[in-house]
Each structure stands twice: as C-alpha cells, then as structure tokens.
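Start at 1 with the first residue, then count along the sequence. Only a predicted model underlies this, so the values are computations on that prediction, with no experimental measurement involved.
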Amino acid sequence: MFPTRGYNSRIERKIKSSAPTGASTQTDARLGRIVRLLMDHATVVASGTKIADEIGTSRSALWRLIQQLRGLGVDVAGHPATGYQLRSVPDLLLPEILSPLVKGTIFGKNLHHYYKIGSTNTEAMQAAAEGAPEGSVFLAEEQLGGRGRGAHKWHSARSAGIYCSVVLRPPMPPSEALIFSLAAGLAVQSAVAATFPGLCLDLKWPNDLLLNGRKFCGILTEMNSEATRVRHLVVGVGINVNQTKFPAELREIATSLKSETGTEWSRVELCAALLKSVDREYRDLLQDAGARDAILWRFQEHSTSACGRKVRIEENGGIEGMTEGLDPRGFLRVRTAEGLRTVISGTVRFT
C-alpha cells in the first residue's frame, strides 16, 4: 500500500463503490494449520497421514494443499510416501504464525489473511459494517486495488510489504478521529525502532513515514460515523519492507526498509511489533486523559516538517507558509503572509 500522491488529512467517511476490489477469498485455514504443524515439528519429518488426520482432511487433499503452499513460495520438502518437512520458516503473515506473537492484545483473536485481495481497507470496512468485532485484523500478501485517498493507488508488491487494516470502535466523536492516524504513525515508528534500532524515521503530517526523504510507509484511516459518535473506524497501514524495485512513477519518492538498511527484514516480526504498538497507543488513548496531548507532542518531536518548514498546501486555494505545529485536534498550523491558518485537508508539499 503505497500512495502515488499525498493523502488528504480529511478522514474518509465512506468508500466509493467504484473502488477496485479484486480477488478477496480468505486464505484456506488448512494452509496455515499445515505450516504451524510443520513448524512445531521442525526437526523431524512429519508423516502425511499424521498431518492429514490433525487437520481433518484426506491424504490426497493434503497433497494438493502442499502443492498450493509450494506455489506460494513455502519451501516444503518431502512427498506423500515419506512425509513433509519445512526447509525454512516462511515469512508469511498467517494467523497461525502471528496469533501467538500478539497474544494479550486486542488483535490476537480475529486475524484474517488473504494471499490476494483488492484492498485490506475495503475488506475491513465492509466487515466492520457487518459487525466484525473490534480488534479484527485484515492482512494480505498482495493487493490488486490498494489505495490511498480517492482514486490514488497504492503499490503492493507480493509478500514484500505489510498490508494491514484493523477495525476499531472508539467511543468518541468523529471530530477527534485524526488522532488515530497520528497514533498509527507513532506505532509504526516504535515498531521499526524496536526491530532495527538506530534508523532515523521522519513523520510527515498526517500519515506518511519517510527515510532519507523518501516514503516507506503510508496510513489510510477511514470511518463510518454518526454526527456525534464513531460507529467504526479502520486504520490501514502499508509498509514497504523488502521491496527493491518500484514502478517508474514511484522510483524518486519511494523506498523500503531493505533498500535503506541493506538487510532482509522479517515481515512476521515487524507486523507483530506493529500490532503490539497500535494496541498500546489505542489503549492509552482510551484510558489515559493525557494521551492525546502526548501523541501530538511526540508526533512533532519525530517530525522535521511539523514545525519550521516551508510548505505549500495544494488544496484550499494553494496555501503557502511556515509550519507552526499541530493544533489540539491534530491539524497542521501554517503561518502565511495573511496570518495563521489551520490546514484541515490538503496535500502538503515541501518548498
């Protein structure tokens, strides 16, 4: 999920029906159970009969499932006559792998995985409207219709990034929803720092994270609300993790964690760290009266552009000026020749 253009800070209230959906068949749960079983018996060859019995399927069906896993890049050695063994632990964001790592968070029990999907945010918004519980997580290996705001597209290379959307149901008015985008940015910053200490991450208001001036993460927050309360809110996070190539239109503005560090990252480890960080930020917002002010302060501390940066806001008639931090709701303040302006929506460009 990587936007070809900046994201408007106005929180989306509904999804356009014309947005591409692509394939959205949830991953066969048996595939994850096979991987989990092989991981639990990593030092031995597990017989096909034992695996088939444990997942409740036939030997012939198991063979077809093993072939599916191999087609998805999982390195499984063996044959029905001899048994199966993982040659290496797959870096797939399967619930069976992630659930134990996020136990104790609100995200530990409702993880949904797709090998290919239109958009995790679209799927999460639809599921939330149909009653999906708070803490539901939607993960994909590849998105065919990944998106930013409106018609902006997101680049989602297969099994190279993290494409993750979570359902929240905060008891607060929609006017306060921007804080969740800012909190999600801080959660990404914390998760990356925990996995690879020393990286200098830059938060760009309201929803991007940069490395060396290039974007490696984007956040899309959408909600369904009444006038005075949020019904449900979806926070989508796209992180470029192990990508090494980008489409021509993104090469000058996009980067990945691997490109910047020269290191192959574990998507499983980073995704678990991300979900735990989002869980901490969300719990603090609900339980700590001072959490909102702390988020605004921390965001500005980790952003080189929130204060003292010349910018142009392309919407709103083309505002130009110097940034002067965030207001109490999280909107960007810009000092212009005509005075102090508060940016409610618009694409921020550095000048």
Side-chain angles (χ1 to χ4, degrees), residues 1-7 19-24 27 68-75 87-94 97 113-122 138-165 185 188-189 191-193 195-196 198-204 207-220 236-274 347 349-350:
M1 283 166 48
F2 195 90
T4 58
R5 295 179 60 190
Y7 169 61
T21 56
S24 58
T27 300
Q68 285 185 48
L69 285 171
R70 287 170 173 163
L72 294 164
V74 181
D75 193 359
R87 288 196 177 99
S88 60
V89 176
D91 193 30
L92 298 175
L93 305 179
L94 295 167
I97 298 176
H113 180 269
Y114 302 78
Y115 279 103
K116 190 177 291 186
I117 198 173
S119 160
T120 58
N121 254 44
T122 299
F138 296 81
L139 298 152
E141 299 298 319
E142 179 182 6
Q143 292 186 119
L144 301 179
R147 56 191 176 82
R149 182 181 183 274
H152 300 167
K153 296 180 180 179
W154 297 66
H155 177 60
S156 309
R158 187 177 68 178
S159 298
I162 291 173
Y163 319 119
C164 172
S165 298
V188 174
Q189 188 269 338
V192 172
T195 307
F196 199 104
L199 275 182
C200 186
L201 308 184
D202 190 10
L203 294 169
K204 181 187 174 188
N207 73 316
D208 296 331
L209 283 91
L210 313 179
L211 272 169
N212 294 322
R214 295 187 178 188
K215 190 182 303 184
F216 77 94
C217 173
I219 296 161
L220 176 62
V237 178
I239 305 176
N240 292 335
V241 183
N242 292 320
Q243 289 95 327
T244 56
K245 296 180 180 179
F246 293 94
E249 67 272 18
L250 296 177
R251 288 171 191 163
E252 297 301 316
I253 62 173
T255 191
S256 70
L257 294 171
K258 181 178 180 179
S259 295
E260 297 299 324
T261 64
T263 301
E264 188 87 9
W265 287 54
S266 166
R267 293 187 309 132
V268 169
E269 180 182 350
L270 181 58
C271 189
L274 170 66
T347 300
R349 301 292 187 195
F350 301 142

Residue pair Thr120 / Ser165: nearest heavy atoms and the distance that separates them: OG1-OG, 2.7 Å
Looking only at non-hydrogen atoms, find the nearest pair between Trp265 and Asp91 and report the distance. O-OD2, 3.7 Å
With a 4.5 Å limit on heavy-atom distance, are the side chains of Ile117 and Phe138 in contact? no
With the side chain counted from C-beta on, respond yes when Ile162 and Val237 share a heavy-atom pair under 4.5 Å apart, and no when they do not. no
Quick check: closest heavy atoms across Leu93 and Leu139, and the distance to 0.1 Å? O-CD1, 3.7 Å
Heavy-atom side-chain contact between Leu209 and Val192 under 4.5 Å: no
With a 4.5 Å heavy-atom cut-off, do Leu257 and Thr195 have their side chains touching? no
What one should report as the nearest heavy-atom pair of Leu72 and Tyr115 is CD1-CZ, 3.2 Å
Side chains of Cys217 and Gln189, heavy atoms from C-beta outward: is any pair under 4.5 Å? no
Does the side chain of Arg214 come within less than 4.5 Å of Glu252's, by heavy atoms? yes
Shortest non-hydrogen contact from Val268 to Leu92? CG2-O, 3.3 Å
Charged N to carboxylate O below 4.0 Å: is that the case for Lys258 and Glu264? yes
Non-hydrogen side-chain atoms of Asn212 and Thr255 separated by less than 4.5 Å: no
Could you tell me whether the side chain of Ser256 and the main chain of Asn240 form a donor-acceptor pair under 3.5 Å? no
Within the structure provided, determine whether Leu201 and Val188 are in side-chain contact (heavy-atom separation under 4.5 Å). no
Donor-acceptor check, side chain of Thr27 to backbone of His113, threshold 3.5 angstrom: yes or no? yes
With rounding to the nearest 0.5 Å, note down the distance linking CG in Asn242 to OG1 in Thr263. 9.5 Å
Can you see which heavy atom on Glu141 is nearest to which on Tyr163, and at what distance? O-CE1, 3.4 Å
As an exercise, state the distance from SG of Cys200 to CG of Leu210, rounded to the nearest 0.5 Å. 10.5 Å
Backbone N or O of Val241 within a donor-acceptor pair of the Gln243 side chain at under 3.5 Å? yes
From Asp208 CG over to Ile219 CD1, what is the distance, rounded to the nearest 0.5 angstrom? 8.0 Å
Answer yes or no: are there more than 12 heavy-atom neighbours, outside Arg158 itself, under 6.0 Å from its atom CZ? no
